[in-house]
Amino acid sequence: MKGYAEILSINTGMPQDMMYHEKVISSGINKQPTDKPLYLTNLNLEGDGQADLKHHGGKEKAVCVYPFEHYRYWEKQLQRSLVYGAFGENLTIQGLLESDVCIGDIFKLGEAVVQISQPRQPCFKLSAKYGLPEMPMMMQESGYTGFYFRVLEEGAVSRSKGLYRRFPHPKGITVAYANQIMHHDKHNMEAVQRILEVEELSVNWRATFLKRLTGSETSTKERLTGQA
């Protein structure tokens, strides 16, 4: 399995006001590339912030990663050119896709050590950014979601250092597979049990899958539409 990705861009930004459904909302989705090394804490990169800590940020979602390989697909869907950080990701990478990485994999990121905690779950802030209400569902359905890192060891991060896998998780639950079971093959309880065996799975995803085992389903309306 491939174990290295080039970091094409490191992107950061603090929350800003933007319009959505004739209301002012706050979001950190509009991130800008930077060439300077940044310090990564267990919460986020230096100079980065999130407005909605229910769906973004925190220790289990400290770094958002997105593969550049998907940009061409979205440029066709959106009929526009895109720049690094187009989806609010902190790292735009090339060389590792959702099918190449697993929940619990550990990577060296500059001086920091990070671990995949869960796939990204797209939210309505993408709708606000692109003026396309169906954008979060399009990303969710495509499987081109990217993923999140938690930080095991803090340290400086720079684009030139790249991203190296140090430890592939033995359970082998890829981000792509987790997405498939979460969003498509929802009644595959054997697969749900397999995913729950990964101790490093984020608390939120674990809670959702545990609820599914009892026959209940977590509502995605607020995340996808911004409406309670």
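The structure presented is a predicted model; accordingly, all values stated were derived computationally and were not measured.
- Taking the six-membered ring where tryptophan is involved, the planes of Y73 and Y144 are perpendicular, since the angle between them exceeds 60° and thus also 30°.
- In this structure the side chain of W205 never reaches within 4.5 angstrom of the side chain of I195, judged on heavy atoms.
- Rounding to the nearest 0.5 Å places CD1 of I181 at 12.5 Å from CD of Q193.
- A donor-acceptor contact shorter than 3.5 Å is absent between the side chain of Q94 and the backbone of L8.
- Residues E6 and I93 fail the side-chain proximity criterion, which asks for heavy atoms closer than 4.5 Å.
- F68 and Y84 have their aromatic ring centers within a separation under 6.0 angstrom.
- Not a single donor-acceptor pair under 3.5 Å links the side chain of S127 to the backbone N or O of C123.
- Under a 3.5 Å cut-off, the side chain of N42 and the backbone N or O of V151 do not form any donor-acceptor pair.
- Between the R120 side chain and the Y148 main chain, no donor and acceptor come within less than 3.5 Å of each other.
- By the 4.5 Å heavy-atom criterion applied to side chains, H187 and R212 are not counted as neighbours.
- Cation-pi geometry between R80 and Y130 is not met: the NZ or CZ atom fails to fall both under 6.0 Å from the ring centre and inside 45° of the normal.
- One N or O on the side chain of S117 and one on the backbone of E60 form a donor-acceptor pair closer than 3.5 Å.
- Ring geometry for Y66 against F87 counts as tilted: the plane angle lies between 30° and 60°, on a 0 to 90° scale.
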